[in-house]
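Given the structure is predicted, the values throughout are model-derived calculations rather than measurements.
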There are 2 protein chains.
Amino acid sequence: MVKQRHRITSYDVAEAAGVSQSTVSRALSGDPIVAEATRNRILDIARSLNYHIDAAASRTRSGRIETIAVVMVCPEHEDVRVLNPFHYGLLAAICSAASQRGLETIVSFQGARDRLKDSYEQGRRAMGIIVIGTSENHTAWNFFRNSAQNGTHIVCWGAPYDDLDWVRADNHAGAALAVEHLLAQGYKSIAYVGDNNCPQRQFAERYAGYVTAMEQAGKTPRLIEVAPGLSRHEQGRRAAQALLASGQAFNAIFAACDDLALGAMAVLEERGLSVPGDVGVVGFDGVRSGAIAVTPLSTIEPDFAAAGEVLVERMLASVAGEVAPRRRVPVSLVVRESSAAAAPQKATAA
Amino acid sequence: MVKQRHRITSYDVAEAAGVSQSTVSRALSGDPIVAEATRNRILDIARSLNYHIDAAASRTRSGRIETIAVVMVCPEHEDVRVLNPFHYGLLAAICSAASQRGLETIVSFQGARDRLKDSYEQGRRAMGIIVIGTSENHTAWNFFRNSAQNGTHIVCWGAPYDDLDWVRADNHAGAALAVEHLLAQGYKSIAYVGDNNCPQRQFAERYAGYVTAMEQAGKTPRLIEVAPGLSRHEQGRRAAQALLASGQAFNAIFAACDDLALGAMAVLEERGLSVPGDVGVVGFDGVRSGAIAVTPLSTIEPDFAAAGEVLVERMLASVAGEVAPRRRVPVSLVVRESSAAAAPQKATAA
DNA sequence: CTGAAAGCGCTTACAG
DNA sequence: CTGAAAGCGCTTACAG
């Protein structure tokens, strides 16, 4: 291991190349004004000296930060593992999209109300904040809403407030996709399991999409509202229990998210109902555990890569004082076993 | 939204406080040499002006970066969702532990061989790199191994090479915990499902722990080696199929990781075996999907918070030129349904 | 305990 | 096309 005595600076490169430090700086920043031959020589020497621009100094001088803060909103008690895996996929997509554009991402997991932090922009650590995570932590969302009102650049996924700059999946289209698919598979009596009292705008959108699609097909929508304050999985379980206890016939469930669907599916199978066949199930989110469930779960999956790009794009636009054109992320239907063809002629009751 | 014309600097605070800029700087850095009254006055004014130290300038001058780079090693094709959710839990733990110590974390997901990046330290973006993620991407691990040899500060979770500075779970103790638990639950014939040909040191350690515990209990260890190149879940499925096809009696599986266990469990249940009862299953990792599986999976779970702390601690020590004392992370047994008591007297064959 | 001043390593007008 | 020089906003010897 060879360690340099002194950190190599642009002056060292300049000396080795026989040019001034300013020329080195211009060459490395890709300024087209430097002669191509000069630039190439400088780049070669920089590489051979293993020189890298000092980001701290560069930022100090230019004021360009080229860094986005990503905040994962966690439950207040900060048990990070209850975070929906969906958000991890989103995190990865954001970091990749940012990196694609040469931006760095500093990420933090914030839950406890006394540790919320939004001073990235003030401290010149980032150009703005992308906020994602659980919508249940009202304190945190209010905190970032307030930051946005005070001028911090904030873009969110699925924000509970419309006055935040949000990006969301095309929930309406996704719900329609789910309903049409279930109908085509022979499931004629589709219940919707979801939470319409929570601040999750997306759930309301999915429900609206479901209602529209059902009505267009001449079917009666049916909402099974979930109990508050439980994990999505447990909510799904209870919703299925309630649905069965109601005694009313149904043979399919479209759930507002995969975790709800998986919970519901568990109860159906415990009660001896076959999924698929007796009951078809489609979720929403494209979560990994759905893919490897005992009965793999059909789902509506947002285009994760697009989600990351749109979020980063809007952040960049917001900082530039523009309004980005895109805010909806396309979704697609992922067909797995849970929605394979319905058993003929058998609407299931309790 | 009130936007400042000019960015507020320490000079503004100094002026408002009637002191010199150097005193402001000292007060804000917590230098005990400034009179308490002076410091408090300065802090109050800084707060009221919403002043935050310019991190870029501070880093430029002091050379202290107080940032750790976290690299998530992905498969080469960069489909980030095949990343084991375990690594996401680890990521969150690292970011939290770093934040606890006032450090920032810049995270990147790296898979494709032409986009590997280790110049964080050279570019003064971070003090070093914590590398975690899939052990399957040899190119990436070799790349970071090489970085470490060139003097970059690198600490890893579960590194495939012993010459990297690693932190790992107490795999030996964990395996013993699993074996003892299964035996206590009445499962006397425990097979081990795992991958001993992969670079994952941890798997070898878990297997060794299993063998030791079995031998101490007077039982014969039995290894079901998994097929390479498939997802862990699929490997688990095939291992269970092979185990059943072998015709040899067994009534429990201890799997090297939860995804293997879940795959195996799926096959057992498809074949009409009851888990638990006919077969007891314990995994390793404490992955979320195990908790919400149709049959919730018992598992050996590392202390995630401790894992994050130990990784950050070692990074700090490494940068300081010291050797941190801890590198093993404690584990605990999480008992769920998959290892409930064995059905009496019924060793299961194919 | 506080201040005046130097300097971290860049970027970028300005001049040639 | 290139260089000399100023300056980004801090931290930190040095002097008092």
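The shortest distance between the side-chain N/O atoms of Thr9(B) and the OP1/OP2 oxygens of dG9(D) is not below 4.0 Å. Taking only side-chain nitrogens and oxygens, Ser10(A) comes nearer than 4.0 Å to OP1 or OP2 of dC10(C). For Tyr51(B) and dC10(D), the shortest distance from a side-chain N or O to OP1 or OP2 is below 4.0 Å. OP1 and OP2 of dT2(C) both lie 4.0 Å or more from every side-chain N or O belonging to Ser20(B).
Nearest to the side-chain atoms of Ile53(A) among the listed nucleotides dG9(C), dT11(C), dT12(D) stands dT11(C). Distances from the side chain of Gln21(B) to the nucleotides dC10(D), dG9(C), dT11(C) place dC10(D) closest. Among the nucleotides dT2(C), dT11(D), dC10(C), the one closest to any side-chain atom of Val34(B) is dT2(C). When each of dT2(C), dC10(D), dT12(C) is scored by its nearest atom to the side-chain atoms of Asp54(B), the top-ranked nucleotide is dC10(D). When distances are taken from the side chain of Ala35(B) to each of dT12(D), dC10(C), dC1(C), the shortest belongs to dC1(C).
Distance Ile42(B) CD1 to dT11(D) C1': 15 Å, rounded to the nearest Å. In this structure, CZ of Arg64(B) is placed 14 Å from P of dC10(D), rounded to the nearest angstrom. In this structure, CG of Asp12(A) is placed 12 Å from P of dC8(C), rounded to the nearest angstrom. The interatomic distance linking Ile33(B) (CD1) with dT2(C) (P) rounds to 9 Å, in whole Å. Atom CD of Glu36(B) and atom C1' of dT2(C) are 17 Å apart (whole Å). To the nearest angstrom, C1' of dC8(C) lies 11 Å from OH of Tyr11(A). Rounded to whole Å, atom C1' of dG3(D) lies 16 Å from atom CD of Glu15(A). For the pair Arg61(A) CZ and dG9(D) C1', the interatomic distance rounds to 11 Å; values are reported in whole Å.
Ser22(B) comes within 4.0 angstrom of a base, heavy atoms only. The residue Thr38(B) sits close only to the backbone: its heavy atoms come under 4.0 Å of sugar-phosphate atoms, none of a base.
With a cut-off of 3.5 Å on both Watson-Crick or G-U wobble distances, the partner of dA4(C) is given as none.
Between Gly18(A) and Ala56(B), the residue anchored closer to the 5' end of DNA chain D is Gly18(A), taking for each the nucleotide with the nearest heavy atom.
For the pair Arg327(B) and Trp166(B), the cation-pi criterion (under 6.0 Å, within 45° of the ring axis) is fulfilled.
Looking at Arg26(A), its side chain comes within 3.5 Å of the base of dG3(D) through a donor and an acceptor atom.
Residues Thr134(B) and Glu136(B) have side chains that never bring a donor and an acceptor to within less than 3.5 angstrom of each other.
Partners of Phe86(B) by ring pair (Phe, Tyr, Trp, His ring centres under 6.0 Å), not counting sequence neighbours, listed by chain and number: Trp157(B), Phe304(B).
Note on Glu309(B) versus Arg314(B): no salt bridge recorded, every NZ/NE/NH1/NH2 to OD/OE distance being 4.0 Å or above. Salt bridge status for Arg41(B) with Asp44(B): absent, with no side-chain N to carboxylate O gap under 4.0 Å.
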Sequence neighbours excluded and cut-off under 3.5 Å, please list the side-chain donor-acceptor pairs for residues 63-73 of chain A, or say none.
residue: Thr67(A); atom: OG1; partner: Arg59(A); partner atom: NH2; Å: 3.2
residue: Thr67(A); atom: OG1; partner: Ile65(A); partner atom: O; Å: 3.1

